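What follows is a single structure, written as structure tokens, with notes after it.
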Amino acid sequence: MQKAVAIGFEDIKEIIDKNRYYIDKTYMIRDLLDRGGKVNLFTRPRRFGKTLNLSMIRRFFEAEIGFDGKEIQNGYLFKDLKISAYGQHYMAHQGKYPVINLSLKSAKQPTYEMAYRCLVDEIAKEFIRHAYVLSGEQLTQFEKRHFEIIMGHKGENADYAMSLEFLSSCLVKYHGKKAVILIDEYDVPLENSYFRGFYEEMISFIRSLFESALKTNSNLEFAVITGCLRISRESIFTGLNNLKVYSILGGLYADCFGFTEDEVRSLLVSSGLEGNYAELKRWYDGYKFGDKEIYNPWSILNYIDTAMENNRAVPQPYWSNTSSNSIIKELVEEADFGMRQEIENLIAGGTIRKPVQEDITYDDIHESQDNLWNFLYFTGYLKSINETYEEDTRYMELMIPNTEVRSIYKRTILTWFDKKVKSCDRSELIQALENGDHERAERFISEQLLDTISFFDYAENYYHGFLAGLLKGAGAYLVVSNRESGKGRPDIILKTPSVRGAAIILEIKVTDTFTLMEKECQRALEQIEDKKYDSELRAEGYRDIKRYGVCFYRKECMIR
């Protein structure tokens, strides 16, 4: 019997209990124990399995106690997984530690007050999960009262800033073992606060929370933190000498997040979809973590889930629908001429060479264009295909990883262009066309071409869409595109609602040689005449009809 894939499941226990297909990453537990890192930060793009891996770590190490005060046995979850085959040395740690498990991913509110209350709520939930400590005799009455204050959302700001350290001390007293601390998506509140405008307030709280829990906490066995970016210069991890960072640049733990090629092939075979491999590779492969080739797991699972219901299903940009893609929006909206050319080159399948710096902050985004490219690389919107060093600077040759991510760039550009056009004063173009001032019209269109981002191969349909978009909603004209008229299809017709007004016919040509632009404009005018594109307009009653031959060469426009 085929196992269903686990869409939206973020807890290994739920996946195993419901007999869903699980890609076994439990060798990560072995590596954590072997390397013995005190505080481990894993940075990976969103939806690459960070939350699921933290649930795996929690379920393995935690001496879990339910609300009824009874121990919860999770050993059965691992009996058929890789970690169980590595021997007693590792399995002896199973179910032996108190675990604090805190997710920051829900702190996406529009104000600091709301985001802070959301974080307080997450902290209070974790205290509630460990409320069994109140039934024992290990805590003093003062500690119990303080525990209840935090659990009941009645603490002061300082209480919550120090809450993880306090909770770990309570757990150590109860269990007699140091605590494991797991923090998921630590940079979500930082990204949200940056785009919402309360960055400094959020930084201050997160810094205090982390310093007390991870820097000066004698009750800590080890910690695992996940996020998209390494953010150290913000002083969140100031003085934390025991922090070890595992980013997409390094080889350690490279295949613990996302799917390897073998894992994808195995999953497709299990699902009866092995014939779809080549198409999925084009859409969702292309990431490089360390020296490992990695597939986007979220998109692979969503496609398989859809294809098992509908064998005609085609790949979709599933990953792009899970976020606002704010970083891409920043790139497109702030791009100067040089950066727009680089974006066009990337979308066309080319590469760009940029210095790579891990220790960046959200405040750094606007300091230089290189910083924005860094954000795109570490968050999964670009991949590295080669790296070199110049003195102490690391350079990477970057490109868009796959078809899915390319679609995000394209969709963001279309949205930006539509918004840009609507805010642009196009009356100059309309007046030029009305008055027969072809030089003024071509100058206006050329300026707009230079100021936009193209992701087509400069084919006629690209220019057709560009010009139609520029004309729609500009002036008191209806824009008719590729409608039947006379003996053929004029590319674009503008006409006033009343036949007493005017009509304008535009026929578009494209050339790959600048010197042929004049000739192509004349050919367009001859086509309008030969095919009688004005006949239908005259039949409707229009008498003031202007005809233009338009030729494009890359980002140049000529009109006659």
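Model, not experiment: these values are computed from the prediction. The chain is numbered in sequence order, starting from 1.
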Open item on the list: Any side-chain to backbone donor/acceptor pair from Lys555 onto Leu449? Under 3.5 Å, distance only.
Closed with: yes
TODO: Would you verify whether the NZ or CZ of Arg30 falls within 45 degrees of the ring axis of Tyr90 while also being under 6.0 Å from that six-membered ring's centre?
DONE: no
- [ ] Measure the acute angle between the ring planes of Phe61 and Phe222, then classify it against the limits of 30° and 60° as parallel, tilted or perpendicular.
- [x] perpendicular
- [ ] State the CG-CD1 distance between Leu104 and Ile206, to the nearest 0.5 angstrom.
- [x] 5.5 Å
- [ ] Kindly compute the distance separating NZ (Lys288) from CD1 (Ile248), expressed to the nearest 0.5 Å.
- [x] 11.5 Å
Task: Parallel, tilted or perpendicular: rings of Tyr116 and Phe205 (30°, 60°) - done: perpendicular
Open item on the list: Distance to the ring centre below 6.0 angstrom and angle to the axis at most 45 degrees; does that hold for Arg353 and Trp373?
Closed with: no
TODO: Could you tell me whether Glu344 and Arg340 have a side-chain N and a carboxylate O separated by less than 4.0 Å?
DONE: no
Open item on the list: Is it the case that the side chains of Asp187 and Tyr194 hold a donor-acceptor pair, with the cut-off being a distance below 3.5 Å and no angle test?
Closed with: no
Task: Taking every non-hydrogen atom, the tightest pair across Ala6 and Arg20 - done: CB-CB, 4.0 Å
Open item on the list: For Leu229, is there any backbone N or O sitting under 3.5 Å from a side-chain donor or acceptor partner on Tyr186?
Closed with: yes
Task: Lys177 bridged to Glu221 by N-O distance under 4.0 Å - done: no
Task: Aromatic plane relationship, Trp319 with Tyr381 - under 30° parallel, 30 to 60° tilted, over 60° perpendicular - done: tilted
Open item on the list: Between Asp184 and Lys105, does any side-chain N to carboxylate O distance fall below 4.0 Å?
Closed with: yes
Open item on the list: Side chains of Asp491 and Ser481: any donor to acceptor distance under 3.5 Å?
Closed with: no
- [ ] Using modelled atom types only, decide if a donor and an acceptor are shared between the side chain of Glu397 and the backbone of Ile385 within a distance under 3.5 Å.
- [x] no
- [ ] Establish, yes or no, whether a centroid distance under 6.0 Å links the rings of Tyr318 and Tyr303.
- [x] no
Task: Thr379 side-chain N/O to Pro45 backbone N/O, donor-acceptor pair under 3.5 Å - done: no
Open item on the list: Could you check whether Arg394 makes a cation-pi contact with Tyr389, meaning its NZ or CZ is under 6.0 Å from the centre of the six-membered ring and within 45° of the ring axis?
Closed with: no
Task: With Tyr409 via ring pair (Phe, Tyr, Trp, His ring centres under 6.0 Å) - residues at least two apart - done: none
Open item on the list: Please check: side-chain N/O of Asn40 versus main-chain N/O of Tyr246, any donor-acceptor pairing under 3.5 Å?
Closed with: no
Task: Lys/Arg cation over aromatic Tyr27: Lys82, 6.0 Å, 45° cone - done: no
Task: Inter-residue atom distance Asn402.CG - Lys281.NZ, 0.5 Å rounding - done: 10.5 Å
Open item on the list: Do Asp262 and Thr260 pair up side chain to side chain, a donor and an acceptor below 3.5 Å, judged on atom types alone?
Closed with: no
Open item on the list: Whether Lys108 and Glu191 form a salt bridge (side-chain N of Lys/Arg under 4.0 Å from carboxylate O of Asp/Glu) is what I want to check.
Closed with: no
Open item on the list: Taking Glu333 first and then Lys419, would you say they form a salt bridge - that is, a charged N and a carboxylate O separated by under 4.0 Å?
Closed with: yes
Task: Charged N-O contact under 4.0 Å between Glu64 and Arg58 - done: yes
- [ ] Over 60° means perpendicular and under 30° means parallel, so classify the ring planes of Tyr132 and His175, tilted if in between.
- [x] perpendicular
Open item on the list: Closer than 4.0 angstrom, basic N to acidic O: yes or no for Lys25 and Glu263?
Closed with: yes
TODO: Flag the pair Tyr295 / Tyr284 as yes when their ring centroid distance falls below 6.0 Å, and as no otherwise.
DONE: no
Open item on the list: Any carboxylate oxygen within less than 4.0 angstrom of a Lys/Arg side-chain nitrogen, looking at Glu62 and Arg129?
Closed with: yes
Task: Cation over ring face, Arg35 and Tyr253, 6.0 Å, 45° - done: yes
Open item on the list: Looking only at the side chains, is there a donor atom on one of Asn74 and Lys13 sitting less than 3.5 Å from an acceptor on the other?
Closed with: yes
Open item on the list: Is the distance from the ring center of Phe289 to that of Phe48 below 6.0 Å?
Closed with: yes
Open item on the list: Closer than 3.5 angstrom, by distance alone: can the side chain of Ser271 be matched with the main-chain N or O of Leu273 as a donor-acceptor pair?
Closed with: no
Open item on the list: Between Arg117 and Asp121, does any side-chain N to carboxylate O distance fall below 4.0 Å?
Closed with: no
